[in-house]
2 protein chains.
Amino acid sequence: MKPTIRDVAKAAGVSIATVSKALNGVDVVKAETKLKVLAAAKELNYVPNLLGKQLKSGQTNMLGFFTNSVSGPYFYALIESIARTADNMGFGLNVFVTKRHDTIQNYLFGNVVDGVIVFESRITGPDVDMISQHRVPAIFLDRPMVADKIGSITFNSYQEAFDATAYLISLGRRKIAYLAGYPDNYDSNERQRGYEDALKKYGLPVNKDLIILGLFEEPTSYSEMRRFISLHPEDIPDGILAGNDISAIGAMRALKESGISVPQEVSVIGFDDVEIAQYFQPSLTTTRNPIGRQGVLAVKQLVGMISNNDQGQSEVLDGQLVVRNSTTIK
Amino acid sequence: MKPTIRDVAKAAGVSIATVSKALNGVDVVKAETKLKVLAAAKELNYVPNLLGKQLKSGQTNMLGFFTNSVSGPYFYALIESIARTADNMGFGLNVFVTKRHDTIQNYLFGNVVDGVIVFESRITGPDVDMISQHRVPAIFLDRPMVADKIGSITFNSYQEAFDATAYLISLGRRKIAYLAGYPDNYDSNERQRGYEDALKKYGLPVNKDLIILGLFEEPTSYSEMRRFISLHPEDIPDGILAGNDISAIGAMRALKESGISVPQEVSVIGFDDVEIAQYFQPSLTTTRNPIGRQGVLAVKQLVGMISNNDQGQSEVLDGQLVVRNSTTIK
DNA sequence: TTGATAAATGCAAGCGGTTACACTTGAGAA
DNA sequence: TTCTCAAGTGTAACCGCTTGCATTTATCAA
């Protein structure tokens with residue numbers, strides 16, 4: 001059986017209280033005793049049961065990451081930075097990809113994490129109320145939000161889309177499509193809003209037929225793009241603003257297969273600047289979103305709320321257009 | 001304060017034992033009482049503290065995933081399938097990306113997970129002994145391994161590399177380079193062994209100069225490939241077996257920049273068939289490794305060990321060559 | 001009505017730790 | 001020698017839950 005603190009106490013010939021103090025560096029134990037305890041612990045390969053510790057202390061030193069998906073390069077860049085930062089700050093990371101709402105609740109409020117990072121559209125209003133009520137510090141990544149012990153780190157999607165669209169227009173593109181993401185996704189909608197406002201600003205018509213539903217995924221973007229091309233063979237746009245990079249890649253594949261040249265006939269812009277964007281042929285013009293920074297800031301703000309009782313705040317990160325070879329002047 | 005089982009008991013006018021039984025479906029409680037308890041629990045927004053539960057029951061219903069990296073498309077495909085399968089089987093997932101060895105030990109043996117999936121070269125012999133001793137069920141993904149309550153799910157890297165190399169030879173390629181991964185990585189070494197054995201089998205020389213260190217990463221593969229080209233401009237290989245897909249992509253980028261055509265002058269084969277391989281231009285010939293299946297099987301075997309006391313076993317998955325446009329006959 | 005039996009419920013121990021507080025010990029002062 | 005006090009150690013309560021077993025209540029036959 002796994003040794004407990006009692007086994008160590010017995011082996012060292014002291015009480016469990018002394019073992020606890022010796023092991024946790026509470027410096028009231030005599031140096032000699034401490035050595036005895038340490039030796040006994042090592043001898044038995046003792047590793048403390050964290051559950052006992054956590055139950056007693058009310059802290060788990062664990063962060064939760066709740067998400068509805070973990071697929072796509074955006075997410076792995078995000079998880080990477082969250083996991084690494086959490087580790088650096090002395091926290092472990094729990095990743096929950098469940099779709100079951102009751103499971104989410106159980107983990108969210110089951111004292112299994114000290115705080116949560118949320119990218120999960122199924123966590124809605126009532127849940128947020130519960131989060132407040134249970135006083136679980138939370139950071140939202142998929143929408144701006146601020147309340148007691150609740151904050152957010154989001155991108156400036158509206159402005160980025162506005163600028164990217166304006167850039168396409170400056171290249172002489174006049175018929176620009178938007179490849180939308182999930183219908184109720186905040187970023188996708190903000191990007192669409194920025195796209196439409198830019199069109200208006202420069203006197204171009206806003207045409208709902210040019211909104212294509214790519215759902216942030218390659219296959220969908222590819223097939224919807226193909227469908228669009230076959231439906232309007234004479235009426236191809238000369239610019240595409242894709243909801244994210246992988247979506248842009250799907251669109252470009254469809255264009256290529258239809259013999260339409262990128263960037264000459266159609267210029268394409270993505271979002272995020274995920275790793276593959278620069279390696280792709282043609283390399284992708286995109287808005288670089290500081291994904292890694294989003295993860296870092298999320299963890300830092302969260303840990304601040306947990307450890308220093310900080311207030312939550314809504315931070316908005318600016319992206320930056322990176323011009324590569326998928327866009328050119330018309 | 002967060003309500004506890006005592007609060008619910010008080011509100012429902014019963015004992016905590018009854019609350020526990022009512023809430024956990026132990027069907028000895030009277031229907032009427034159960035209703036009262038459920039109502040009180042809902043009224044108070046009661047969510048049980050999982051730590052108490054876990055400490056008492058000795059089960060956490062959590063799986064741990066220990067890895068040294070989470071970057072690259074291989075890992076996110078893996079995490080995705082692990083997380084999803086774990087969820088389907090009623091387990092949560094803890095992801096540990098820490099480099100700190102003592103942290104690994106604390107989490108690994110701190111009763112915070114019921115079993116672990118390991119892709120982490122820093123977990124070596126002594127740790128494995130500890131794992132056995134602490135009786136933590138474990139699955140290794142980065143090396144074959146079998147012992148009591150320890151199993152593995154790996155790829156048939158040797159055979160896959162042998163076949164891929166043989167395929168390049170069948171296309172008339174005679175000077176084939178191997179773009180190696182991490183030096184002490186099992187898969188990378190197995191692939192190299194298969195590559196070398198195929199060369200020997202078909203009477204081609206094995207030349208250590210043709211082993212290029214790509215480290216499984218795009219930038220390294222790109223720069224090492226460039227370096228190779230500039231050092232031996234007259235002596236470019238006509239085939240490249242890359243340690244993984246992203247590495248192949250790096251090599252192709254370098255070749256393209258040097259004006260060397262793929263697949264005509266140099267044919268390139270990757271490993272894994274990650275999502276991007278099919279979308280890339282030229283689309284990548286590669287060995288499809290069932291990454292998703294690796295994750296699924298890992299979780300299933302692990303849960304079998306946890307719940308049914310199954311024996312650990314070493315499962316080896318076969319890959320399959322997928323021919324696309326990065327290879328052609330010479 | 002009473003007793004036997006079954007159905008519900010409650011008491012209390014215990015999971016493995018931490019920690020307030022009480023206790024023991026020994027050194028130095030009176 | 002006796003007292004005081006600091007240093008070191010130990011006792012026991014507690015964190016929130018589950019569960020074996022004792023106890024209470026309900027049911028029904030005699």
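Each chain gets a letter, A, B and so on, in the order the sequences are listed, and its residues count up from 1.
Of the side-chain N and O atoms in A/Ser20, none sit less than 4.0 angstrom from OP1 or OP2 of C/dG17. For A/Thr4, no side-chain nitrogen or oxygen approaches OP1 or OP2 of C/dG16 to under 4.0 Å. Listed pair A/Lys53 / C/dT18 meets the phosphate criterion, a side-chain N or O lying under 4.0 Å from OP1 or OP2. Between D/dC15 and B/Asn49, no contact under 4.0 Å exists linking OP1 or OP2 to a side-chain N or O. In this structure, B/Tyr46 does not reach the D/dG16 phosphate: none of its side-chain N or O atoms is under 4.0 Å from OP1 or OP2. Between B/Thr18 and the phosphate of C/dG10, there is a side-chain N or O to OP1/OP2 separation shorter than 4.0 Å.
Closest to the side chain of B/Arg6, from the set C/dT18, D/dC17, C/dG16, is D/dC17. Listed nucleotides C/dG10, D/dG16, D/dG10 differ in distance to B/Val14; the shortest reach to its side chain belongs to C/dG10.
Residue-level contact check: A/Asn111 touches neither bases nor backbone, having no heavy atom under 4.0 Å from any strand. Contacts of B/Val29 with the nucleic acid, taken as non-hydrogen atoms under 4.0 Å apart, involve only primed sugar atoms and P, OP1 or OP2. The residue B/Leu55 sits close to a base: some heavy atom pair falls under 4.0 Å.
Toward the 5' end of DNA chain C, the nearer of the two residues B/Asp27 and A/Ser57, judged by each one's closest nucleotide, is B/Asp27.
Rounding to whole angstrom units, NE2 of residue A/His134 and P of D/dG16 are separated by 14 Å.
Looking at B/Phe140 and B/Thr154, their side chains never come closer than 4.5 Å, going by heavy atoms from C-beta outward.
Side-chain atoms of A/Tyr76 and A/Glu275 form a donor-acceptor pair, as typed in the model, at a separation below 3.5 Å. Looking only at atom types and distance, the side chain of B/Gln301 has no donor-acceptor partner in the side chain of B/Asp310 under 3.5 Å away.
Between the side chain of A/Lys21 and the base of D/dG8, no donor-acceptor pair of N or O atoms lies under 3.5 Å.
Proximity of the aromatic rings of A/Phe119 and A/Phe66 is defined here by a centroid distance below 6.0 angstrom, and this criterion is not met.
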